[in-house]
Protein chains: 2
Amino acid sequence: MSTEAEEWGKQLRLAGYKLTRQRRAVLAVIAAGETHLSPAEVYDQARIACPDLGLTTVYRTLEILSELGLVRRVHLEKGCHSFASASGGHSHHLICNKCGEVIEFEGCDLSPLLERVAQRTGFVIEAHWLELFGTCPACQRVSENSPQRHQDTKK
Amino acid sequence: MSTEAEEWGKQLRLAGYKLTRQRRAVLAVIAAGETHLSPAEVYDQARIACPDLGLTTVYRTLEILSELGLVRRVHLEKGCHSFASASGGHSHHLICNKCGEVIEFEGCDLSPLLERVAQRTGFVIEAHWLELFGTCPACQRVSENSPQRHQDTKK
DNA sequence: ATGTAATTGAAAATACTTTTCAATTAGATT
DNA sequence: AATCTAATTGAAAAGTATTTTCAATTACAT
Ligand SMILES: [Zn+2]
Ligand SMILES: [Zn+2]
Ligand SMILES: [Zn+2]
Ligand SMILES: [Zn+2]
C-alpha cells in the first residue's frame, strides 16, 4: 500500500470512520491509480487484493473519500462516472484524452476572471470547477507512429 | 417560440435534420429556460405544448443539440444530467447554487495558466472546461430573509 | 475477552439511458 | 394538391448505473 493510501487511512480514522479491510483495498487502488477509474473498475482491481469486496462498498467508500476531498469525480463528455485522487486541497485535474491519465495541478489564478464575471452578472461567485484536457507526454510519443499503444483508452 | 428557438430550428435544418413538432417543443423549452433542465424536466415542460412527445425523443433531440453546440451538459456535484443553452461558440456557464439559474459567459482568458501547466507537465493541452458556481442576484435578495423563495431548488 | 455501533454484501428497488421496431410524418418532387 | 421516401416517432424492452434494505459480520473502544 502506497504512502498516499496510508495517509488516507489516517484521515478516514480521524473523521470517525473505521478502517476496514475493504476500505483499505479501495484506497490502495485509487491512490495507486494514475488514471481515472469508474466504480466498476475500482471494484475489479480492488478484488484482486480483497476478493470478498462488494460493489456497494466501493460506491460507499468513494462517497466518503469525496466527502473528505481525497477523491474527485472526473467529468468527461462521455459521462461522469469515474474518479481520481485529489489529495485534499484546492486543485484541478488535467486529463489525457488518449489514455485517461490524470494529473493534479494547483495554483489556478482565476481571480481577475471571477471578479469580472461577478461584476457583470451580479452573482456572488462561491466556487469554480476547471478541467483541462490534452495529450500526455507518453501518448504524444506514441502517436508519432501509431496512436495510444502505451495504454488502452477507457471503455 | 422565442427568437433563439427559431434560430436553433434553422440550424437543425441546415444540418440536415427535419424540424418536427416534437423537436420544436423541445427547442422552445430549453431556449426559454433560464435554468438547467434534466431530460425528464424538458419532457414535462415540452409536453404542455406537445402532449404526445416521448421521452426518447427528448434524449435524441438533446443529443443533436449537443452535437451542434447549441446546448451543453451542466455538471454538478450531485450529478450531470441536466442541460442548458450554449449559443454555439466558446463559452462557459455560471450556475446559481440555490435556484439553478444558468448564465453564459464568454472571454475566459486562461492562456497564462494553460501555458504554465503545459510546461510543467509536458501535456499538450487541447481543451478546457470551466464552470462557476454562486448565488444569483434574486437568490441573494431572498436569502436576506428566508432562502430561495423565488424558485425551487432542483430536486 | 467483551460489547456495540459501524460496516458489510446480496438482493431488491430505483433511476437513467439506449435500442428496437412498426407506424407516422416532414418535406422534396411531381 | 397528391405522391413518395427516408427520417422520425413513441412504446416497450433491454441495458446500465446507483441506492436502499436488512440480517450477518467486524473494528475497535473498553
Ligand atoms: Zn496519455
Ligand atoms: Zn459531469
Ligand atoms: Zn438563484
Ligand atoms: Zn474557456
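In what follows, chains are A, B, ... by sequence order, proteins preceding strands, each numbered from 1.
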Are the side chains of B:Leu65 and B:Leu27 in contact, using a 4.5 Å heavy-atom criterion?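 Yes, at least one pair of side-chain atoms sits under 4.5 Å.
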
When the distance from [atom1] of [X] to [atom2] of [N] is rounded to whole Å, what number comes out?
X: B:Asp52; N: D:dT8; atom1: CG; atom2: C1'; answer: 13 Å
X: B:Leu76; N: C:dC16; atom1: CG; atom2: P; answer: 13 Å
X: B:Lys18; N: D:dT5; atom1: NZ; atom2: P; answer: 13 Å
X: B:Tyr43; N: C:dC16; atom1: OH; atom2: P; answer: 14 Å
X: A:Arg24; N: C:dT8; atom1: CZ; atom2: P; answer: 12 Å
X: A:Lys78; N: D:dT16; atom1: NZ; atom2: P; answer: 16 Å
X: B:Glu63; N: C:dT18; atom1: CD; atom2: P; answer: 7 Å
X: A:Arg23; N: C:dT7; atom1: CZ; atom2: P; answer: 4 Å

Phosphate oxygens OP1/OP2 of [N]: is one of them under 4.0 Å from a side-chain N or O of [X]?
X: A:Arg13; N: D:dA29; value: yes
X: A:His81; N: D:dT16; value: no
X: A:Tyr59; N: D:dT19; value: no

When the aromatic ring centroids of A:Trp129 and B:His75 are compared, is their separation below 6.0 Å? yes

Check for me whether the distance between the ring centres of B:His92 and B:His128 falls short of 6.0 Å.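 Yes: the rings meet the under 6.0 Å criterion.
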
Salt-bridge criterion met for A:Asp52 and A:Arg47 (N-O under 4.0 Å): no

Given that B:Arg73 and B:Tyr17 both sit by DNA chain C, which one's nearest nucleotide is further toward the 5' end? B:Arg73

Taking for each residue the nucleotide of DNA chain C with the nearest heavy atom, is it A:Ile64 or A:Arg47 whose nucleotide lies nearer the 5' end? A:Ile64

Out of C:dA10, C:dT17, C:dA5, whichever nucleotide has its closest atom nearest the side chain of A:Thr56: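 The listed nucleotide nearest to A:Thr56's side chain is C:dA10.
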
What nucleotide, of C:dT8, D:dA11, D:dT9, holds the atom closest to the side chain of B:Gln22? D:dT9

Most 5' of B:Arg60 and A:Arg21 on DNA chain D, judged by nearest nucleotide: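 Looking at DNA chain D, the more 5' nearest nucleotide goes with B:Arg60.
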
Which hydrophobic side chains are connected to B:Ile103, either touching it within the sub-4.5 Å cutoff or through other members that do?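 Noted: B:Ile103 shares its cluster with A:Leu94, A:Ile103, A:Phe105, A:Leu110, A:Leu113, A:Leu114, A:Val117, A:Phe123, A:Ile125, A:Leu130, A:Leu132, B:Leu94, B:Phe105, B:Leu110, B:Leu113, B:Leu114, B:Val117, B:Phe123, B:Ile125, B:Leu130, B:Leu132.
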
Step through the shown structure and confirm whether more than 12 heavy atoms of other residues, nucleotides or ligands are within 6.0 Å of CD on A:Glu106.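 Buried by this count: over 12 neighbours within 6.0 Å.
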
Under 3.5 Å, is there a donor on one side chain and an acceptor on the other for A:Thr35 and A:Glu101? no

For DNA chain C, please output the secondary structure as dot-bracket, reading 5' to 3'. Pairs are Watson-Crick or G-U wobble, both atom distances under 3.5 Å; mark crossing pairs with [ ], other-strand partners with |, unpaired with a dot. ||||||||||||||||||||||||||||||

